[in-house]
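Just below is one structure, and these are the notes that go with it.
Convention: sequence-line order gives letters A, B, ...; per-chain numbering from 1. Every heavy atom of this structure was used, including side-chain atoms; hydrogens, water molecules and symmetry mates were not. Because the structure is predicted, anything quoted here is derived from the model rather than measured.
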Amino acid sequence: MSNARTAADALADDGLAPGTHVPKHPIRRIFRSPIALVGLLLIFSWIAAAVFAPLIAPYTPNSQHVTAIGTVPSVHHWLGADALKRDILSRILWGARPVLTLAPLALAAAYLVGVTLGLIAGYAGGWVDDAISRTVDVLLSFPKIVIYVVLIATVGPSKANIVVAVILVAAPGIARLTRGLTLEVKTNDYVAAAATRGEHPLYIMFAEILPNVRGPLIVDACMRMGYTIIAIGVLGFLGLGLPPPDPDWGGMVREGAPMLIAFPHMALFPCFAIISLVLGFNLLADGLQESRLRA
Amino acid sequence: MARFLVHRLGQLVLTLLAASFLVFVLVEASPGTVARKMLGPFASPDQVRMLHERLKLGDPIPLRYGRWLGVLVGVMDDPLADPELKLGARDSRGTRYFGNFGISTQMKRPVSEVLWERLGNSLVLAGLAVAVIVPLALAMGMVAALNQGRAADRAITTVGTILASVPEFASGVILISIFVVTLGLLPGTSPLYASGRWPIYAQLVLPVTVLALYVTAYVARFVRTAFIEVMARPYIRTAILKGLPYRTVVFRHAFRNAMIAPFTVILLQVNWLLSGVVVTEVVFAYPGIGRLLLEAALFGDIAVIEATTLVSVCLAATTQLAGDLGYMLLNPRIRLA
């Protein structure tokens with residue numbers, strides 16, 4: 001683990017001369033990676049779009065513009081209008097809201113469950129570990145889409161149900177990763193020291209082990225953000241997303257797909273929106289991974 | 001080895017039982033009684049009550065799951081196939097046979113009649129995709145690794161990250177816009193019967209491409225990492241220093257050792273591939289098991305949901321087992337536990 005290595009080792013690996021300034025703080029390290037910066041820029045643009053949608057969107061997302069001549073992009077409707085003559089640009093900007101609230105919320109819940117289970121399994125070992133690991137194995141044996149489709153189709157599409165589905169899909173993988181990292185870290189002396197001091201196991205797990213495994217978990221979280229955004233898009237595309245008429249990127253692609261031959265822009269623009277947001281998180285993950293390996 | 005295999009096969013069966021039980025609980029204990037779902041919204045309350053009694057739906061879930069299992073392995077009659085129910089479905093194979101998944105209430109046909117044909121179609125799609133993904137990912141990963149840090153590596157890595165950010169439905173829409181709408185080179189739907197001007201092989205091009213695009217980038221990344229790791233090992237340096245041609249070092253020494261990690265990754269991709277298959281089949285109206293699952297889930301066709309999920313979990317679990325076995329064969333250092 002990186003704790004065991006000295007700063008000099010890190011510098012030698014990096015090919016940097018001793019004395020070169022390497023920012024220690026992970027947040028500051030991001031600014032050394034151009035890829036991560038591009039990723040952050042994409043993410044923050046969409047967050048800004050979501051927050052300021054009422055101010056910057058030219059129209060309200062559900063208003064129909066009967067006067068719009070044709071539906072292709074024009075001066076009045078920069079990205080055109082959809083089959084119901086609603087402004088696509090406004091719908092995309094407003095559509096950033098459900099994705100950017102639902103995905104982080106669901107993923108945070110999944111991490112809460114997954115990290116807790118992984119720490120317990122890794123630290124406790126024995127039958128507790130067996131019970132958790134076998135459950136995780138069963139859940140991981142499901143193709144992810146099966147969980148999403150069967151669960152949402154059965155219990156109905158709502159924000160709460162999507163959060164539950166994301167927990168079921170993501171938490172097992174997070175638990176397995178955390179368990180592996182915990183097994184690696186728990187042999188360290190500082191863990192033994194804490195146990196000798198008589199610290200509570202919960203304290204050891206969350207205050208001693210967790211901070212030392214956070215690096216890989218943060219990179220994993222960025223990648224999972226991408227998957228989760230894709231999954232929410234897929235649900236919308238399959239007709240299992242949040243109910244209409246409020247804009248939802250996946251749902252917009254679904255509505256636009258049958259019109260593809262005549263009006264490709266209806267489905268294409270929401271596709272680009274999803275791609276750019278997912279790309280933002282994947283670039284951030286790449287950049288973090290790179291700088292974590294470097295420093 | 002034999003003990004290990006028996007142990008792992010036992011684990012596989014347990015996983016399948018657990019997974020099918022979870023799905024059973026989810027679809028059969030969900031809001032809205034099972035009988036109502038089977039008969040649809042236009043059935044009278046009397047009919048619903050009759051079916052409810054006939055199928056003993058009031059029994060506890062574990063008991064009903066046991067009965068479902070009995071029908072599946074062929075030791076019990078499928079209660080739905082009872083001609084007195086007049087559901088209009090006859091199973092040509094009789095009422096008791098191994099692999100009896102019951103009767104689809106949506107299609108009024110035995111599930112097993114539909115399931116295997118659809119599964120076959122999906123396997124063709126997935127198989128072709130794997131045939132594209134593996135050589136492409138190996139080549140991309142190797143070229144990137146051998147040029148680590150140089151322009152070729154940067155280009156491949158960047159393209160990989162971009163491709164891994166494009167969900168299948170989006171790449172489907174984009175490829176259709178380019179190759180179908182603008183260029184008119186390929187068909188936009190793949191019903192798998194020769195319709196008009198498009199032969200079947202032309203219908204397969206876009207779905208296979210969509211599936212391959214997303215997964216290739218992902219696998220290539222693993223190949224690259226594994227190759228970089230192996231190329232830094234002392235025995236590679238020795239091989240180069242003793243004057244072996246670079247090509248021999250790469251293909252004879254590095255390749256086999258570098259393949260171990262990506263091999264499991266590729267087999268684990270089958271799980272991903274299945275997810276991609278659902279979306280791709282919907283985009284291209286491809287008659288596979290993914291669309292079967294989606295339609296069944298949307299309609300509430302319980303027997304089909306249970307059958308398709310069990311089959312897909314079975315596929316995923318067996319490829320994982322195959323991955324573990326292959327991993328051991330490739331790497332003799334791993335001893336059987």
Practice task
Tell me, yes or no, whether the heavy-atom count around B:F179 atom CZ, taken from other residues, nucleotides or ligands under 6.0 Å, exceeds 12.
Solution key: no

Exercise for the section: State, with a plain yes or no, whether a side-chain heavy atom of A:V150 is found less than 4.5 Å away from one of B:L26. Expected result: yes

Handout entry: chain A contact via B:L16 - which portion, at a heavy-atom distance below 4.5 Å
Key = neither

Handout entry: chain B interface, residue from A:G156, A:G233, A:A257 that has the most non-hydrogen pairs under 4.5 Å
Key = A:G233

Problem - A:F281 portion near chain B, given a 4.5 angstrom heavy-atom threshold - result: neither

Handout entry: Most contacts with chain A, counted as non-hydrogen pairs under 4.5 angstrom, among B:I174, B:V173, B:V278, B:V181
Key = B:V173

Practice task
Apply the test side-chain contact (heavy atoms from CB on, under 4.5 Å) to residues A:L238 and B:F169: give CA-CA distance (whole Å), side-chain angles for both, the deciding distance (0.1 Å), then the verdict.
Solution key: CA-CA 9 Å; A:L238 295 179; B:F169 66 86; over 6 Å; no

Problem - Which portion of A:I147 sits near chain B, non-hydrogen atoms under 4.5 angstrom - result: neither

Problem - Within-4.5 Å side-chain heavy-atom neighbours: B:T15 and A:F142 - result: no

Completion exercise
Honestly, the part of B:F21 sitting under 4.5 Å from a heavy atom of chain A is neither

Handout entry: Heavy-atom contact with chain B under 4.5 Å, split by part of A:Y227
Key = side chain

Exercise for the section: Side-chain contact test, heavy atoms from C-beta onward, threshold under 4.5 Å: evaluate it for B:L294 versus A:I145 and give yes or no. Expected result: no

Exercise for the section: Please list, in residue-number order, every residue in residues 305-316 of chain B that has a heavy atom less than 4.5 Å from any heavy atom of chain A; write 'none' if there are none. Expected result: B:I305, B:T309, B:S312, B:V313, B:A316

Fill in the blank from the handout: Most contact-rich option vs chain B, by heavy-atom pairs under 4.5 angstrom, among A:L260, A:D137, A:V146, A:L151, is A:L260

Handout entry: Donor-acceptor pair between B:T161 and A:D286 side chains, under 3.5 angstrom
Key = yes

Handout entry: Top of A:P143, A:A231, A:G226, A:G256 for chain B proximity - count of heavy-atom pairs under 4.5 angstrom
Key = A:P143

Handout entry: Value rounded to 0.5 Å, distance of CG in B:L321 from OG in A:S141
Key = 12.5 Å

Fill in the blank from the handout: Partner of B:I162 under side chain to side chain contact (heavy atoms under 4.5 Å, CB included), picked from A:L279, A:V278, A:I275, is A:L279

Practice task
Measure B:R154 against the heavy atoms of chain A and call it side chain, backbone, both or neither at under 4.5 Å.
Solution key: side chain

Problem - Heavy-atom side-chain proximity of B:L298 to A:L240 below 4.5 angstrom - result: yes

Exercise for the section: Name the region of A:F237, side chain, backbone, both or neither, that has any atom closer than 4.5 Å to a heavy atom of chain B. Expected result: side chain

Exercise for the section: Can you measure from OH (B:Y214) to CD1 (A:I230) and round to the nearest 0.5 angstrom? Expected result: 4.0 Å

